[in-house]
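Both backbone and side-chain heavy atoms feed into the values below; hydrogens, waters and symmetry mates do not. Sequence lines set the chain letters: A, B, ... in the order given, protein chains first and strands last, and positions in each chain run from 1.
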Amino acid sequence: MHHMDTADDRPLRVRFAPSPTGSLHVGGARTALFNWLAARHADGTFILRLEDTDRERSTPESEAEILRVMQWMGLDWDEGPYRQSERDDLYRECIEKLKAAGAVYAAWETAEELDAMRAEARANKQAPVVRGRRDHTAEEIAAFEAEGRTPVWRFAVPLPGETVIEDMIRGTVTFDHAQIEDFVVARSDGTPTYNLAAAVDDMLMDITRVIRGEDHISNTPKQMLVIRALGGEPPQYAHVPLILGTDKKRLSKRHGAASVEELEADGFLPQPVRNALVLLGWSYDDKTTTFTMDELIEKFDVSRVSKSPAVFDMKKLEVMSGRYLRAMDEAEFADALVDWLASTGYFEGKAADAPDLARRTAPLVQRKLSRLSEYDRLAGWLYRPLEFEPEALAVLEEDVKKSIQCIGGGLGRIEVLDDFTVDNIKDALSDQLHIQGLTAREFLEPQRIAVTGQTISTGIYESLALLGRDESVARYRQALGRLAEKWTGGE
RNA sequence: GCCCCCAUCGUCUAGCGGUCCAGGACGCCGCCCUUUCACGGCGGUAGCGCGGGUUCGAAUCCCGCUGGGGGUACCA
């Protein structure tokens with residue numbers, strides 16, 4: 001696309017403006033990332049603004065969570081966080097200016113009247129566009145006031161007319177004013193609405209480019225109208241497509257991990273999350289799929305963002321995550337693993353040396369994990385006495401006699417091993433499987449289950465070495481005992 | 001209903017009128033490697049929604065259809 005990068009040499013100022021009404025969604029996180037990258041790329045300013053004009057739904061917990069997640073993602077802001085709830089004076093001032101300029105008018109319609117107007121328009125296949133009555137007589141107004149009614153202030157959308165957005169992603173988008181209702185700018189209690197506050201803030205904060213979700217595109221002409229009525233110049237806009245779930249519906253909690261908070265809890269590290277997110281709707285070329293943060297800063301270009309919505313594929317995130325984990329150096333991985341486990345309370349109620357054990361097992365799981373949360377599935381057996389997963393036991397019991405032979409054979413070798421190292425264990429077991437004339441899979445699977453109680457675990461040789469000979473032998477005996485019961489009982 | 005937007009393998013995408021009987025990645029399938037689960041390597045599978053134009057030539061431009069998404073509040 002050869003989109004005009006409007007001859008605008010002012011330093012770039014972008015903002016991310018979530019409303020603190022829940023945790024940060026992956027869609028929101030991607031928008032934040034895009035804004036941050038655009039700012040860092042252009043050496044501009046990234047501003048964080050909390051749009052909390054909806055006092056009912058905004059919570060301090062949500063605000064704190066959003067800030068926390070931003071930090072987790074490594075998206076630091078240069079200004080803010082600003083809170084719209086703290087800027088009320090500014091908005092009221094602007095509303096007064098709009099009144100003085102005749103750009104807004106008092107509208108007295110009741111909710112019922114508005115509903116009726118819209119229903120009627122709809123019935124007539126017309127746009128449900130509200131235009132308040134502006135020809136009330138002084139007596140009527142006095143009567144409204146007498147009954148305690150207070151008006152909202154609506155923006156008088158100029159008719160006829162149109163507002164054109166030169167969107168960096170979508171190109172030229174035109175809205176006919178006939179389709180834009182006289183939107184409310186100040187509620188009857190005097191508080192500003194979103195469209196007023198957002199427009200005023202973008203203007204007052206000197207935002208030069210607004211990068212936000214496509215769900216805002218129909219608000220854009222309204223905000224442009226407000227800014228112009230206030231004598232300002234609207235910023236450049238870039239509306240990014242939404243992120244969908246696998247059913248092609250807008251991504252939401254019912255699609256599984258839809259918030260960054262959940263991804264974090266699922267054991268994903270920030271870098272693969274960023275990498276997966278940035279690739280939803282954006283690509284650098286026809287082959288690059290992994291980027292460092294620096295490469296992203298260097299290469300990101302919002303005008304290359306796709307116009308069509310993208311489906312969020314958790315599987316792909318997992319693949320990226322697994323690759324990232326494997327590419328980490330051992331110590332770095334061990335730190336990340338232990339930190340993550342600690343953050344989830346994994347060590348609570350476990351032995352005091354559990355974190356140390358986790359650190360020692362890190363190299364055994366590093367190539368096997370696609371996310372940190374899979375650690376327990378692989379290494380959980382190390383933290384508890386031997387107990388068999390039902391499906392693991394089922395594997396052994398499929399052929400009890402053979403299982404006993406395998407485990408017994410293995411036991412015979414390891415219990416006489418002096419130097420209990422990975423290599424020696426491997427040699428001894430390899431030799432034994434040869435003797436018994438079995439394939440590695442046939443022979444080793446029972447060993448794994450005997451020792452770990454699991455069908456999937458850390459590597460068998462490493463696991464034995466880690467356990468030490470005595471504990472290994474004890475576990476072998478225990479497994480054998482369990483099978484012997486079955487053997488006699490079954491025949 | 002009305003307005004806006006979108007449309008390349010199952011998914012994320014490259015593609016900006018010829019270099020495309022459409023390239024990459026994930027998935028999936030097969031083979032190999034590792035005498036284990038995993039990891040890794042190699043190969044394969046699969047797509048320009050449909051119909052009209054424009055053009056010597058269209059995945060690329062135009063129109064229509066169909067399909068999908070968003071908006072339609074004194075929410076943001």
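Using a 4.0 Å heavy-atom criterion, one finds that A/Lys248 contacts the sugar-phosphate atoms exclusively. Using a 4.0 Å heavy-atom criterion, one finds that A/Arg154 contacts the sugar-phosphate atoms exclusively. Nucleic acid contact class of A/Val152 (heavy atoms, under 4.0 Å, all strands): base. Residue-level contact check: A/Arg57 touches the bases, meaning some heavy atom is under 4.0 Å from a base atom. Heavy atoms of A/His434 sit under 4.0 angstrom from at least one base atom. Note on A/Gly213: nothing from the nucleic acid sits closer than 4.0 angstrom, heavy atoms only. A/Ile460 comes within contact range of at least one nucleobase, with a heavy-atom separation under 4.0 Å. Across all strands, A/Phe443 comes closer than 4.0 Å to no nucleic acid atom at all (heavy-atom distances). Contacts of A/Thr174 with the nucleic acid, taken as non-hydrogen atoms under 4.0 Å apart, involve only primed sugar atoms and P, OP1 or OP2. Note on A/Ser58: nothing from the nucleic acid sits closer than 4.0 angstrom, heavy atoms only.
One interatomic measurement links the two molecules: NZ of A/Lys307 to C1' of B/rC12, which rounds to 18 Å at whole-angstrom precision. One can place CG of A/Leu251 at 15 Å from C1' of B/rG70, the figure rounded to the nearest angstrom. Residue A/Leu369 contributes atom CG, which lies 14 Å from atom P of B/rA38 at whole-angstrom precision. Spacing between atom CG of A/Asp215 and atom P of B/rG71 amounts to 6 Å, rounded to whole angstrom units. Rounded to an integer number of Å, the gap from CD of A/Glu214 to C1' of B/rG71 is 10 Å. Distance CZ (A/Phe312) to C1' (B/rU13): 16 Å, rounded to an integer number of Å. As a whole-Å value, the separation of A/Leu325 CG from B/rC39 C1' is 13 Å. At whole-Å resolution of the value, OH in A/Tyr237 and P in B/rC4 are 19 Å apart.
Mapped onto RNA chain B by nearest heavy atom, A/Arg367 and A/Thr150 fall at different nucleotides, with A/Arg367 at the one closer to the 5' end. Taking the nucleotide of RNA chain B with the nearest heavy atom to each of A/Glu462 and A/Ser308, the more 5' of the two is matched to A/Ser308.
Of the candidate nucleotides B/rG70, B/rA76, B/rC5, B/rG70 has the atom nearest to the side chain of A/Leu242. Of the candidates B/rC12, B/rC5, B/rA76, B/rA76 carries the atom nearest the A/His216 side chain, counting heavy atoms from C-beta on. Of the candidate nucleotides B/rC26, B/rC74, B/rC3, B/rC74 has the atom nearest to the side chain of A/Val184.
Taking side-chain N and O atoms only, A/Arg323 has a distance below 4.0 Å to OP1 or OP2 of B/rC26. Regarding contacts with the backbone of B/rG70, every side-chain N or O of A/Lys249 stays at 4.0 angstrom or more from both OP1 and OP2. Applying the 4.0 Å criterion to OP1 and OP2 of B/rG71, one finds that A/Arg250 has a side-chain N or O inside that range. The side chain of A/Arg187 places an N or O atom within less than 4.0 Å of a non-bridging phosphate oxygen (OP1 or OP2) of B/rA76. Between B/rU13 and A/Arg304, no contact under 4.0 Å exists linking OP1 or OP2 to a side-chain N or O. For A/Ser283, a side-chain nitrogen or oxygen approaches OP1 or OP2 of B/rA14 to under 4.0 Å. Between A/Thr193 and B/rC74 there is no side-chain N or O to OP1 or OP2 distance below 4.0 Å.
Here, B/rU13 and B/rU60 have their C1' atoms 16 Å apart, quoted to the whole Å. Rounded to whole Å, the separation between the P atoms of B/rG51 and B/rA58 comes to 15 Å. Taking the P atoms as reference points, B/rC26 lies 34 Å from B/rC62, given to the whole Å.
Partner assigned to B/rU34 is none, using Watson-Crick or G-U wobble distances below 3.5 angstrom. Remark: B/rC29 base-pairs with B/rG43; criterion is Watson-Crick or G-U wobble with both hydrogen-bond distances under 3.5 Å. Using Watson-Crick or G-U wobble geometry with both donor-acceptor distances under 3.5 Å, B/rC75 finds no partner in any strand shown. The pairing partner recorded for B/rA22 is none, the criterion being a Watson-Crick or G-U wobble arrangement whose two distances lie under 3.5 angstrom. Across all strands shown, B/rU66 is found opposite B/rA7 as a Watson-Crick or G-U wobble partner, with both distances under 3.5 Å.
Counting atom types as modelled, A/Arg448 pairs a side-chain N or O with a base atom of B/rU36 as donor and acceptor under 3.5 Å. Side-chain atoms of A/Asn219 and base atoms of B/rA76 include a donor and an acceptor less than 3.5 Å apart. Interface remark: the A/Arg326 side chain does not form any donor-acceptor pair with the B/rC39 base, using a distance-only criterion of under 3.5 Å.
Residues A/Arg371 and A/Asp266 share a closest heavy-atom pair of CD-O, 3.0 Å. Of all the heavy atoms in A/Tyr476 and A/Gly410, the pair that sits closest is CE2-C, 4.1 Å.
A cation-pi arrangement, defined by a distance under 6.0 Å to the six-membered ring centre and an angle within 45 degrees of its axis, is absent between A/Arg49 and A/Phe16.
The aromatic ring centres of A/Phe333 and A/Trp340 sit 6.0 Å or more apart. Checked against a 6.0 Å centroid threshold, the rings of A/Phe312 and A/His25 do not count as neighbours. Ring centers of A/Tyr105 and A/Trp153: at least 6.0 Å apart, outside the cut-off.
In this structure, CD on A/Glu397 lies 8.5 Å from OG on A/Ser403, to the nearest 0.5 angstrom.
For A/Arg118 and A/Glu181, the salt-bridge test passes: some basic side-chain N is under 4.0 Å from an acidic carboxylate O.
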- Task: Report the C-alpha distance between A/Tyr237 and A/His216 in whole Å, list the side-chain angles of each, state the deciding distance to 0.1 Å, and finish with yes or no for ring pair (Phe, Tyr, Trp, His ring centres under 6.0 Å).
- Result: CA-CA 11 Å; A/Tyr237 290 96; A/His216 281 297; over 10 Å; no
